[in-house]
Protein chains: 2
Amino acid sequence: MNLSIAEENHIKSIYKLQEGDAVVTTNALAYELDTKPASVTDMAKKLKEKKLIEYEKYKGITLSADGRKAALQIVRRHRLWECFLVDKLLFSWEEVHELAEELEHVRSEKLTNRLSEFLGNPVIDPHGDPIPDANGKLVKPRPQTSLDQANAKRLVVTAVTDQSTALLAFLNAKGIKLGTQLEIIAHYEYDNSIEIKVKGQSPITISEQVAKNIMVRPL
Amino acid sequence: MNLSIAEENHIKSIYKLQEGDAVVTTNALAYELDTKPASVTDMAKKLKEKKLIEYEKYKGITLSADGRKAALQIVRRHRLWECFLVDKLLFSWEEVHELAEELEHVRSEKLTNRLSEFLGNPVIDPHGDPIPDANGKLVKPRPQTSLDQANAKRLVVTAVTDQSTALLAFLNAKGIKLGTQLEIIAHYEYDNSIEIKVKGQSPITISEQVAKNIMVRPL
DNA sequence: TTTATTATTTAGATTTGTCTAAATAATATT
DNA sequence: AATATTATTTAGACAAATCTAAATAATAAA
């Protein structure tokens, strides 16, 4: 099955929004891909034709088994390139997403597997996300919640779900990265903010919005 | 100036066919790009509009200063990726051209320069072709001729101009690679073949057609 | 349960890059 | 120089991926 870049991007976004097995709506997908709902409908028809998604009009989209397989291949390539960029070319955490977005579309299994080997077959990428293996198997990520819903007080940052340059740069500025230890001091409902103390720094306040994208596990 | 992949491929092929400053014909370019002359004419109009080429109808194509600059950037990326694939991912000589053809279109100067650094700023690629530096400067390649026109008897292979998988695999099978030493035993005009002896092997016969693509310098 | 709102799809247009077939220009041959 | 051949361009079409505007379906509100 030979997918175009546009098709791959749709598959990847459906995979991302599905999170388990939820149905993905036309609007959500259009927003994620920075495109228009009408365009998503067009593409949905094509991907259904290719049996990569389940789709009935007005009923939303889910990946088929083949679609999931394709998505995992793309995700694998993306995360391996991110590793390469950070580990070998010394890019920083927040710079690599856009570049990996392009490199991921070079569809060569041999290249992907050689790259993985070269990097020492890593199992998580620089953002803490697990890397599917050559067969598309994904190791279960360790138990984690988003920072806004954490109940334990002492936590470690394990991943960042939104990889926009803006957020990553913001976190960088605040001294928050993978493995950073922090404590929740207070959660202010009335203005949706959270006061935290990053290890070795004075306390700071962040919005719930930001906290939603920071995944943590109990220390 | 943001170029599409199609535009980049045209620029690159014009650069390749120009060899110095020769005018490139529509037909030659169509053949090189495995497309049709009419398509080349269409693209020529667009590239002229963007001031990347000099073009008057029926008069052929040459690169403008800007076009040459763009071409050298693409060639730089292509050759650096070839180095990476061979040196780091242990691909063989003849496998890397197609992959580099895709990787070269990731247009990030920062990535290109980091990659170059990571590789130790190489100045020639695995096929023996020089790599333009970050400013597009190309070190003059050592004096070389194609094998079919060589006058010295003892020679060293310095480059291969046609990088089709077929030819490279053929040469590999014959034990010919960069740096291989060989002697010309005889040049048969009547059937356009050349008998050569590769160092450490028994003499073999190759066609002039193949010899044209093997660049050599006197030992 | 009507009505209003929101989500989704359809219809038709646009851009990019390509093609074929026909027309025209340049070059080679007699 | 006239004619044949080859090279190039034009005209018109097509597929992919997108868009806008209008129509329709699903859902929420009154």
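Each chain gets a letter, A, B and so on, in the order the sequences are listed, and its residues count up from 1.
- Taking atom OH on A:Tyr58 and atom C1' on D:dA26, their separation rounds to 9 Å, with Å as the unit.
- Both A:Ala38 and B:Lys57 lie close to DNA chain D; mapped to their nearest nucleotides by heavy-atom distance, the more 5′-ward contact belongs to B:Lys57.
- A:Leu63 places a side-chain heavy atom less than 4.5 Å from the side chain of A:Gln18.
- Taking 4.0 Å as the cutoff to heavy atoms of chain A, we find the contact window on DNA chain C bounded by C:dA7 to C:dT10.
- Remark: A:Thr25, A:Thr26, A:Asn27 in residues 25-35 of chain A come within less than 4.0 Å of DNA chain C through at least one heavy atom.
- Tested against A:Met215, the residues A:Val160, A:Thr158, A:Leu178 include a single side chain to side chain contact (heavy atoms under 4.5 Å, CB included) partner, A:Thr158.
- Put simply, the side chain of A:Glu82 reaches to within 4.5 Å of the side chain of A:Gln163, judged on heavy atoms.
- In summary, B:Glu95 and A:Lys110 engage in a salt bridge, as defined by a charged side-chain N under 4.0 Å from a carboxylate O.
- Checked for salt-bridge contact, A:Glu8 and A:Arg107 meet the test: a charged N lies under 4.0 Å from a carboxylate O.
- Contact of the A:Asp162 side chain with the A:Leu168 side chain is not registered, since no non-hydrogen atoms from C-beta on lie closer than 4.5 Å.
- As a whole-Å value, the separation of A:Asp42 CG from D:dT20 C1' is 12 Å.
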Task: Working for salt bridge (charged side-chain N to carboxylate O under 4.0 Å, His left out), residues B:Lys12 and B:Glu104 - done: CA-CA 11 Å; B:Lys12 191 178 50 146; B:Glu104 75 190 5; 2.8 Å; yes
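- For B:Phe91 and B:Phe84, the ring centers are positioned 6.0 Å apart or more.
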TODO: Could you check B:Glu109 against B:Arg77 for salt bridge (charged side-chain N to carboxylate O under 4.0 Å, His left out), going step by step and ending with a plain yes or no?
DONE: CA-CA 9 Å; B:Glu109 275 199 42; B:Arg77 295 193 299 253; over 6 Å; no
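- Helix-axis bend for the helix from C:dT1-D:dA30 to C:dT30-D:dA1: the local axis fitted to the five terminal pairs at one end deviates from that at the other end by 10°, rounded to 10°.
- With rounding to the nearest 0.5 Å, the separation of CG in B:Asn9 from NE2 in B:His105 is 4.0 Å.
- Atom NZ of A:Lys59 is separated from atom P of D:dA26 by 7 Å (rounded to the nearest Å).
- Counting only heavy atoms from C-beta outward, the side chains of A:Asp148 and A:Asn192 never approach each other to under 4.5 Å.
- Remark: nothing in residues 3-16 of chain A comes within less than 4.0 Å of DNA chain C through any heavy atom.
- Using a 4.0 Å heavy-atom distance criterion, A:Lys45 is classed as a sugar-phosphate-only contact.
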Donor-acceptor contacts under 3.5 Å from residues 37-45 of chain A side chains, at least two apart:
residue : atom : partner : partner atom : Å
A:Thr41 : OG1  : A:Pro37 : O            : 3.3

Anything under 3.5 Å between a donor and an acceptor, one on a side chain of residues 49-62 of chain A, the other on a protein residue two or more places apart or in another chain? List them.
residue : atom : partner : partner atom : Å
A:Lys50 : NZ   : A:Glu7  : OE1          : 3.2
A:Lys50 : NZ   : A:Glu7  : OE2          : 3.2
A:Glu56 : OE2  : A:Lys48 : NZ           : 3.0

